[in-house]
Chemist: 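The structure follows.
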Amino acid sequence: MKEYRDVVVKLFARGERPGDIFRRLKSHGVKRDFIYYTIRRYRETGSTKYRVKSGRPRSARTPAAIKVVRERIRRNMNRSIRKTAADLNVSIRTAHNIMTKDLGYKPYKKRKVHGLTEATTKKRLDRSKLILSRHAGQEFVFSDEKLFVLQQPHNAQNDRLWAPTLASIPPSQINIPRFQSAASVMVWGAVSRRGKLPLVFIEKNVKINAAYYKTEVLEKVVAPGLRGLYGNDHYVFQQDGAPAHTANIVQAWCRENLTDFLDKTLWPPSSPDPNPLDFYVWSYMLAKQSEHRVSTMDQFKKLISKIWDEMPMDQVRAACDSF
C-alpha cells in the first residue's frame, strides 16, 4: 500500500473527500482505514512517511537468530519450540514468534497411515486395475465387520469443550472413562446404492470361521437381503480377504448364489480406503454413538441398530459412488 500514500494525499489536496477517494481506489485493494490513517498522518505531520517508532529495538529475534532456527528446522522438522528456545538462550515465546511470525511456519500433527510394503503396493495397483477392467460401471454391494466398544468414543483431535477455565468444566464432561475389560460386540454390515442389509451381531466368544460366516451371514442375511434389493438385477458383492471370506466353501457358495462377486484374487490388500463402510459408515456410527449414553449390552445393541437404520441413504449412496 505504500505506493498509494502520495496518491491519497494528492486527491485529498484537490478537495476530494475520504469516502470519494476510497470509492476511487478500492478496486486496487486500498482499504478505507488506510485512506483515513494516511490523511490523518498528513494533517498532523505534513508528510506521508511513517513516524519513528518508539520502543527498544529487537535483541532476540535478530536476523542471525532467525537464520539459525531456519537451518535447524530444515535439518530436523520435529524440533520442539522448548528445545529451540533453550539452544538459543531465549524465551519460549520468542522462539515461537520466530517460527510463526518470522518464518511463517505452522505446526502440523503427524498422521497414522496404513503401512504398505512395495509388494503390497504393487498388488493393490494390479488388483485395482483388474476390478476397473472387469466391473467398471457395475453396482457394488460392500461388506465389512466392525468391533463396537461399550464406552464413549474419543476423538483426540476434534473433541473439544469450550469453557472459561478447566476448573469450570464438570468432571463428567471432561473425563472419558476407559476400562481394560470394556464390553464390546462385533457386527457385520453391508451397504449399496439401493440400501442396507440388516446388521449381524456376532455373539461373544463365537469364532467367525468359514462355516459360521456361510451359514449365519451369507445364507441367512446376504442371500435374502440381496434378493429383496436387486431381484434379478446384476450386482457385485465385495468382501475383504479375511480367512473366513476366502475359504473354498465360501467362495463356492458365492459363485453359485450371487450374480457376481469379487473372488479372493481381486480385492486389493490393506484397502480400507476403497470400502465405504471403512471410510464413511463406521465413522458415522461412532460419531452418533458418542451422542448417547447406555449401560447395558442390550441397550447398546438397540442403539447401534437404530443408528444403522436411520443412517441417511443419500450419504450412503454418495460414499458408494466415490468408490
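From a predicted model like this one, the values you see are computed outputs, not experimental measurements. These values consider heavy atoms only, across backbone and side chains, with no hydrogens, waters or symmetry-generated copies.
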Chemist: Do Asp102 and Arg70 sit within salt-bridge range, that is, some charged N less than 4.0 Å from a carboxylate O?
Modeler: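 No, this pair does not count.
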
Chemist: Return the CG to CG distance between Asp240 and Leu262, rounded to the nearest 0.5 Å.
Modeler: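 Reported value, rounded in 0.5 Å steps: 11.0 Å.
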
Chemist: Going through the distances and angles, do Ile39 and Ile21 end up as a side chain to side chain contact (heavy atoms under 4.5 Å, CB included)?
Modeler: CA-CA 11 Å; Ile39 292 173; Ile21 298 173; 4.3 Å; yes

Chemist: Please tell me whether Ile66 and Val69 are part of a single hydrophobic cluster in this structure, the criterion being side-chain heavy atoms less than 4.5 Å apart.
Modeler: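 Yes, one cluster joins them.
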
Chemist: If you look at every heavy atom in Arg124 and Ser271, which pair is closest and at what distance?
Modeler: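 It is NH1-OG, 3.3 Å.
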
Chemist: Within the distance-only criterion (no hydrogens, no angle test), does the side chain of Thr120 pair as donor or acceptor with the backbone N or O of Leu116 below 3.5 angstrom?
Modeler: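 Side chain of Thr120 to backbone of Leu116: no pair is present.
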
Chemist: Just wondering, more than 12 heavy atoms not from Phe201 lying within 6.0 Å of its CZ?
Modeler: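 Correct, the count exceeds 12.
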
Chemist: Following the transitive rule for hydrophobic clusters with a side-chain heavy-atom cut-off under 4.5 Å over Ile, Leu, Val, Met, Phe, Trp and Tyr, establish whether Leu125 and Ile131 coincide in one cluster.
Modeler: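 Leu125 and Ile131: separate clusters.
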
Chemist: Report yes or no: does Glu216 contribute a side-chain atom to a donor-acceptor pair with the main-chain N or O of Ala211 at less than 3.5 Å?
Modeler: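 Such a contact is absent between Glu216 side chain and Ala211 backbone.
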
Chemist: Apply the test side chain to side chain contact (heavy atoms under 4.5 Å, CB included) to residues Leu218 and Val250: give CA-CA distance (whole Å), side-chain angles for both, the deciding distance (0.1 Å), then the verdict.
Modeler: CA-CA 9 Å; Leu218 296 178; Val250 169; 3.8 Å; yes

Chemist: With the threshold set at 4.0 Å, does a side-chain nitrogen-carboxylate oxygen contact exist between Asp321 and Arg317?
Modeler: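 Looking at Arg317 together with Asp321, the answer is no, because their closest N to O distance does not fall below 4.0 Å.
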
Chemist: Going from CD1 on Ile81 to OG1 on Thr100, what distance comes out if it is rounded to the nearest 0.5 angstrom?
Modeler: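 These two atoms lie 7.0 Å from each other.
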
Chemist: Evaluate the ring planes of Tyr280 and Tyr284, with Trp represented by its six-membered ring, and classify them as parallel (under 30°), tilted (30 to 60°) or perpendicular (over 60°).
Modeler: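 Ring orientation of Tyr280 relative to Tyr284: tilted.
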
Chemist: Do Val222 and Leu258 come close enough that some side-chain heavy atom pair is under 4.5 Å?
Modeler: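 Heavy-atom side-chain distance check passes, below 4.5 Å.
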
Chemist: Should the pair Lys122-Glu118 be classified as a salt bridge under the 4.0 Å nitrogen-to-oxygen rule?
Modeler: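 Answer for the salt bridge query: no.
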
Chemist: What I'd like to find out is whether the side chain of Leu197 reaches to under 4.5 Å of the side chain of Ser192, using heavy atoms alone.
Modeler: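 SC-SC contact between Leu197 and Ser192 ruled out.
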
Chemist: For residues Thr296 and Asp298, is any side-chain donor paired with an opposing acceptor at under 3.5 Å?
Modeler: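 Looking only at side-chain atoms, Asp298 and Thr296 do not form any donor-acceptor pair under 3.5 Å.
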
Chemist: Quick one: pull up CE in Met186 and CD1 in Ile208 and give me the separation to the nearest 0.5 Å.
Modeler: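 If I round to the nearest 0.5 Å, the distance is 5.0 Å.
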
Chemist: Has Asn248 got more than 12 heavy atoms of other residues, nucleotides or ligands less than 6.0 Å from its CG?
Modeler: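 Counting other residues, nucleotides and ligands, CG of Asn248 stays at 12 neighbours or fewer.
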
Chemist: With a 4.5 Å cut-off on side-chain heavy atoms, are Met285 and Ile304 touching?
Modeler: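 A side-chain contact under 4.5 Å exists here.
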
Chemist: Would you say that Tyr235 contacts Leu229 through its side chain, given a criterion of any heavy-atom pair below 4.5 Å between the two side chains?
Modeler: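 Tyr235 vs Leu229: side chains apart.
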
Chemist: On a heavy-atom basis, which atom in Asp278 and which in Pro272 lie closest, and how many Å separate them?
Modeler: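 Distance-wise, the nearest heavy atoms are CB-O, 3.2 Å.
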
Chemist: Would you say Phe300 and Leu286 are hydrophobically clustered, going by side-chain heavy atoms of ILVMFWY under 4.5 Å?
Modeler: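 Yes.
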
Chemist: Is the shortest heavy-atom distance from the side chain of Gln239 to the side chain of Trp267 under 4.5 Å?
Modeler: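 Gln239 does not reach Trp267 side chain to side chain.
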
Chemist: Should we count CG of Asn76 as having more than 12 external heavy atoms under 6.0 Å?
Modeler: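 Atom CG in Asn76 is packed in, count exceeds 12.
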
Chemist: Evaluate the side chain to side chain contact (heavy atoms under 4.5 Å, CB included) criterion for residues Arg72 and Val68: first the C-alpha distance (whole Å), next the side-chain angles of each, then the deciding distance (0.1 Å), finally the verdict.
Modeler: CA-CA 6 Å; Arg72 293 187 179 184; Val68 169; 3.5 Å; yes

Chemist: Determine the minimum heavy-atom distance between Ser270 and Asp273, stating which atoms define it.
Modeler: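 Reported closest heavy-atom pair: O-OD1, 4.3 Å.
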
Chemist: Set out, in order, the CA-CA distance, both residues' side-chain angles and the distance that settles salt bridge (Lys or Arg N to Asp or Glu O under 4.0 Å) for Arg23 and Asp20, then state yes or no.
Modeler: CA-CA 5 Å; Arg23 282 185 285 273; Asp20 296 330; 2.7 Å; yes

Chemist: Check for a donor-acceptor pair, side chain of Lys196 on one end and backbone N or O of Trp308 on the other, with a separation under 3.5 Å.
Modeler: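 Such a contact is found between Lys196 side chain and Trp308 backbone.
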
Chemist: For side chain to side chain contact (heavy atoms under 4.5 Å, CB included), just list the numbers for Lys214 and Glu219, CA-CA rounded to whole Å, side-chain angles, deciding distance to a tenth of an Å, and then say yes or no.
Modeler: CA-CA 6 Å; Lys214 173 178 171 291; Glu219 294 179 350; 2.7 Å; yes

Chemist: Determine, using the 4.5 Å side-chain heavy-atom cutoff (strictly less than), whether Leu11 and Tyr36 are members of one ILVMFWY cluster.
Modeler: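 No, no single cluster joins them.
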
Chemist: Less than 4.0 Å between a side-chain N and a carboxylate O, is that true for Arg41 and Glu44?
Modeler: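 Arg41 and Glu44: not salt-bridged.
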
Chemist: Rounded to the nearest 0.5 Å, how far apart are CG of Leu147 and OG of Ser184?
Modeler: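 Between Leu147 CG and Ser184 OG, I get 4.5 Å after rounding to 0.5 Å.
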
Chemist: Check whether any side-chain heavy atom of Lys101 sits under 4.5 Å from a side-chain heavy atom of Arg61, and report yes or no.
Modeler: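 Lys101 vs Arg61: side chains touch.
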
Chemist: Might you point out which heavy atoms bring Cys320 and Val191 nearest each other, and give the distance in Å?
Modeler: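 Scanning both residues completely, I find the closest heavy atoms to be SG-CG2, 4.2 Å.
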
Chemist: How about CG on Asn232, more than 12 heavy atoms from neighbouring residues, nucleotides or ligands closer than 6.0 Å, or not?
Modeler: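 No, CG of Asn232 has 12 or fewer neighbouring heavy atoms, counting only those of other groups under 6.0 Å.
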
Chemist: Mind checking whether Phe22 and Val8 sit in one hydrophobic cluster, side chains of I, L, V, M, F, W, Y counted as touching below 4.5 Å?
Modeler: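 Same cluster: Phe22 reaches Val8 through Ile, Leu, Val, Met, Phe, Trp or Tyr contacts under 4.5 Å.
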
Chemist: Begin with the C-alpha distance, continue with both residues' side-chain angles, and end with the deciding distance and a verdict on ring pair (Phe, Tyr, Trp, His ring centres under 6.0 Å) for Phe142 and Phe323.
Modeler: CA-CA 10 Å; Phe142 300 93; Phe323 169 73; 4.9 Å; yes

Chemist: Would you check if the side chain of Asp260 reaches a backbone N or O of Phe237 as a donor-acceptor pair within less than 3.5 Å?
Modeler: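 Judged by distance alone, no pair lies under 3.5 Å.
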
Chemist: How about NZ on Lys301, more than 12 heavy atoms from neighbouring residues, nucleotides or ligands closer than 6.0 Å, or not?
Modeler: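 Counting other residues, nucleotides and ligands, NZ of Lys301 exceeds 12 neighbours.
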
Chemist: Using 30° and 60° as the class limits, which term best fits the ring planes of His245 and Tyr213: parallel, tilted or perpendicular?
Modeler: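 Tilted.
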
Chemist: Taking atom types as modelled and ignoring hydrogens, do the side chains of Gln238 and His135 form a donor-acceptor contact shorter than 3.5 angstrom?
Modeler: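 No, His135 and Gln238 have no side-chain donor paired with an acceptor closer than 3.5 Å.
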
Chemist: Could you check whether any side-chain heavy atom of Val206 comes within less than 4.5 Å of a side-chain heavy atom of Tyr212, counting everything from C-beta outward?
Modeler: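 Yes, close enough: below the 4.5 Å cut-off.
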
Chemist: Please report the interatomic distance CZ(Phe140) to CZ(Phe261), rounded to the nearest 0.5 Å.
Modeler: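 Result: 12.5 Å between the selected atoms.
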
Chemist: Sub-3.5 Å donor-acceptor pair from the side chain of Gln299 to the main-chain atoms of Ser295, do we have one?
Modeler: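 Checked: pair present.
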
Chemist: Rounded to the nearest 0.5 Å, what separates atom NZ in Lys302 from atom CD1 in Ile307?
Modeler: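 One gets 14.5 Å once the value is rounded to the nearest 0.5 Å.
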
Chemist: Under a 4.0 Å threshold between the charged nitrogen and the carboxylate oxygen, would Glu310 count as salt-bridged to Lys288?
Modeler: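 Looking at Glu310 together with Lys288, the answer is no, because their closest N to O distance does not fall below 4.0 Å.
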
Chemist: Which heavy atom of Phe34 sits nearest a heavy atom of Val30, and at what distance?
Modeler: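 Result for this residue pair: CD2-CG1, 3.6 Å.
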
Chemist: Do the non-hydrogen side-chain atoms of Lys146 and Trp188 ever get within less than 4.5 Å of each other?
Modeler: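 Side chain of Lys146 against side chain of Trp188, heavy atoms only: no contact under 4.5 Å found.
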
Chemist: Would the number of heavy atoms belonging to other residues, nucleotides or ligands and lying under 6.0 Å from NZ of Lys123 be above 12?
Modeler: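 Not more than 12 within 6.0 Å, no.
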
Chemist: So which atom in Lys264 and which in Gln251 form the shortest heavy-atom distance, rounded to 0.1 Å?
Modeler: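 Between these two residues, the closest heavy atoms are N-OE1, 3.1 Å.
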
